[in-house]
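Hydrogens, waters and symmetry mates play no part in the numbers below; they use all other heavy atoms, side chains included.
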Amino acid sequence: MELYLIRHGKTIWNAENRLQGRTDIELNEEGIAAAKELGEKLKNIHFDMIYSSPLKRAFNTAELIRGARNIEIVKDDRLREISFGIYDGAYYKDWLAPDCPYRFFFNEPEKYFPPEKGESIEECCTRTKDFIQSVIEPLAQKNIERVMIVAHGALNASISCYLEKRDKRNSWGK
């Protein structure tokens, strides 16, 4: 089975260099255009199933990629982005500052711990593993050839970690 992992299109918060986490931000014009362009590039590729995060930026990206094809987009809460808790909306420059305790998220994830009301990398990996094992892996037994998952950066990295059997230290595939 082929699995296409796609990150949502650009949002206003992406353009402002802000962490989105679980905040439900819509695509901006650039994100809409990029999703339509990707949809055009993938229009001749047959997908049996499309799964999406329920967050608007991912679901709308999935809709734009799907275009007029008659394929249901199945929302799954386990595909939501990792939660940055009280830091959803924080600017990357503040998050990555030398004195910020959360600065390890991107470069040394093994040292990262979540902010208040946030989610750990382990928790994100656990729910993505559950999604892959309970939804995607059984599809292989049903002769499903190609599946698209439209989600988020950290979420897609967690899926890749599981599929490639990488540990937390290499969660970003570096």
Side-chain angles (χ1 to χ4, degrees), residues 1-11 13-14 18-27 31 35 38-39 42 45 47-66 69 71-90 95 102 104-106 109-110 112-174:
M1 174 189 339
E2 290 181 14
L3 188 61
Y4 284 61
L5 290 180
I6 297 172
R7 183 176 181 262
H8 63 79
K10 195 171 191 175
T11 69
W13 279 17
N14 288 134
R18 295 173 70 178
L19 295 166
Q20 294 174 101
R22 295 274 175 92
T23 305
D24 206 4
I25 305 297
E26 294 189 26
L27 296 174
L38 182 56
L42 297 177
I45 297 177
F47 289 96
D48 296 296
M49 305 287 298
I50 301 174
Y51 292 93
S52 175
S53 161
L55 296 177
K56 291 177 208 171
R57 61 191 184 266
F59 187 75
N60 292 346
T61 298
E63 289 178 312
L64 292 166
I65 293 170
R66 175 189 64 189
R69 293 185 273 189
I71 309 168
E72 179 184 8
I73 301 172
V74 179
K75 294 180 184 179
D76 194 299
D77 280 340
R78 292 170 291 186
L79 297 176
R80 288 178 181 268
E81 179 62 299
I82 193 169
S83 172
F84 297 115
I86 62 170
Y87 274 83
D88 272 8
W95 183 262
Y102 312 113
F104 301 111
F105 182 75
F106 294 106
E110 71 277 9
Y112 173 76
F113 63 92
E116 181 182 335
K117 298 183 182 178
E119 180 180 26
S120 70
I121 291 172
E122 292 85 357
E123 290 168 320
C124 185
C125 286
T126 296
R127 69 183 160 84
T128 57
K129 176 182 175 182
D130 180 64
F131 172 78
I132 294 296
Q133 288 180 337
S134 65
V135 175
I136 301 302
E137 289 176 358
L139 294 175
Q141 309 302 318
K142 298 178 181 178
N143 296 320
I144 298 295
E145 293 179 26
R146 196 169 293 110
V147 175
M148 180 190 306
I149 297 174
V150 183
H152 310 274
L155 192 286
N156 288 350
S158 294
I159 290 174
S160 295
C161 261
Y162 173 71
L163 294 174
E164 297 173 1
K165 298 178 180 13
R166 288 188 270 120
D167 64 14
K168 178 180 171 180
R169 186 179 66 248
N170 295 313
S171 61
W172 291 102
K174 296 178 181 179

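Taken to the nearest 0.5 Å, the CG atom of Leu64 stands 10.5 Å off from the CZ atom of Phe59. Rounded to the nearest 0.5 angstrom, His8 NE2 and Asn14 CG are separated by 5.5 Å. Taken from SG in Cys124 to CD1 in Ile159, the straight-line distance is 8.5 Å, to the nearest 0.5 Å. Summarising the geometry, atom CD1 belonging to Ile45 is positioned 3.5 Å from atom OH belonging to Tyr4; distances are rounded to the nearest 0.5 Å. Here Glu72 contributes atom CD and Tyr51 contributes atom OH; the two are 8.5 Å apart, rounded to the nearest 0.5 Å. For the atom pair OG1 (Thr126) and CZ (Phe131), the distance works out to 15.5 Å, reported to the nearest 0.5 Å.
The two atoms that bring Arg7 and Gly153 nearest to each other are NE-N, 3.7 Å, heavy atoms only. In this structure, Thr128 and Ser158 approach most closely via the heavy-atom pair OG1-CB, 3.5 Å. What you find for Pro109 and Ile121 is that their closest heavy atoms are CB-CD1, 3.5 Å. Counting all heavy atoms, side chain and backbone alike, Ser52 lies closest to Ile73 at CB-CG2, 3.7 Å. Closest of all the heavy-atom pairs between Asp88 and Gly21 is OD1-CA, 3.4 Å.
A donor-acceptor pair is defined here as one N or O able to donate and one able to accept, closer than 3.5 Å; such a pair exists between the side chain of Arg66 and the backbone of Ile71. With hydrogens and angles disregarded, no donor-acceptor distance shorter than 3.5 Å links the side chain of Thr23 to the backbone of Ile25. Using modelled atom types, one side-chain atom of Glu81 and one backbone atom of Leu155 make a donor-acceptor pair closer than 3.5 Å. Proximity of a side-chain donor or acceptor of Thr61 to a complementary backbone N or O of Gly9 within less than 3.5 Å is detected.
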Exercise for the section: Please step through side chain to side chain contact (heavy atoms under 4.5 Å, CB included) for the pair Leu3 and Leu163, ending with a clear verdict. Expected result: CA-CA 10 Å; Leu3 188 61; Leu163 294 174; 3.6 Å; yes
Practice task
Determine, stepwise, if the pair Arg57 / Trp13 fulfils side chain to side chain contact (heavy atoms under 4.5 Å, CB included).
Solution key: CA-CA 11 Å; Arg57 61 191 184 266; Trp13 279 17; over 6 Å; no
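Remark: Asp130 pairs with Arg78 by the salt bridge (Lys or Arg N to Asp or Glu O under 4.0 Å) rule, at least two apart or across chains. By the salt bridge (Lys or Arg N to Asp or Glu O under 4.0 Å) test, Arg127 pairs with Glu119, sequence neighbours left out. Not counting sequence neighbours, the partners of Glu123 by the side chain to side chain donor-acceptor pair (under 3.5 Å) test are Ser120. Lys56 pairs by the salt bridge (Lys or Arg N to Asp or Glu O under 4.0 Å) definition with Glu26, not counting sequence neighbours.
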Using a 3.5 Å cut-off and no angle test, enumerate the donor-acceptor pairs between side-chain atoms of residues 135-151 and protein atoms at least two apart in sequence or in another chain.
residue	atom	partner	partner atom	Å
Glu137	OE2	Tyr162	OH	3.0
Arg146	NE	Glu2	OE1	2.9
Arg146	NH1	His46	O	2.7

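Taking 4.5 Å as the limit, every side-chain heavy atom of Leu19 sits out of range of all side-chain heavy atoms of Phe105. You'll find the side chain of Pro54 reaches within 4.5 Å of the side chain of Asp77, heavy atoms only.
Screening residues 147-159 for salt bridge (Lys or Arg N to Asp or Glu O under 4.0 Å), with sequence neighbours left out, gives no hits.
Between Tyr102 and Trp95, the ring planes lie parallel to each other; the angle is under 30°, not in the 30° to 60° tilted range.
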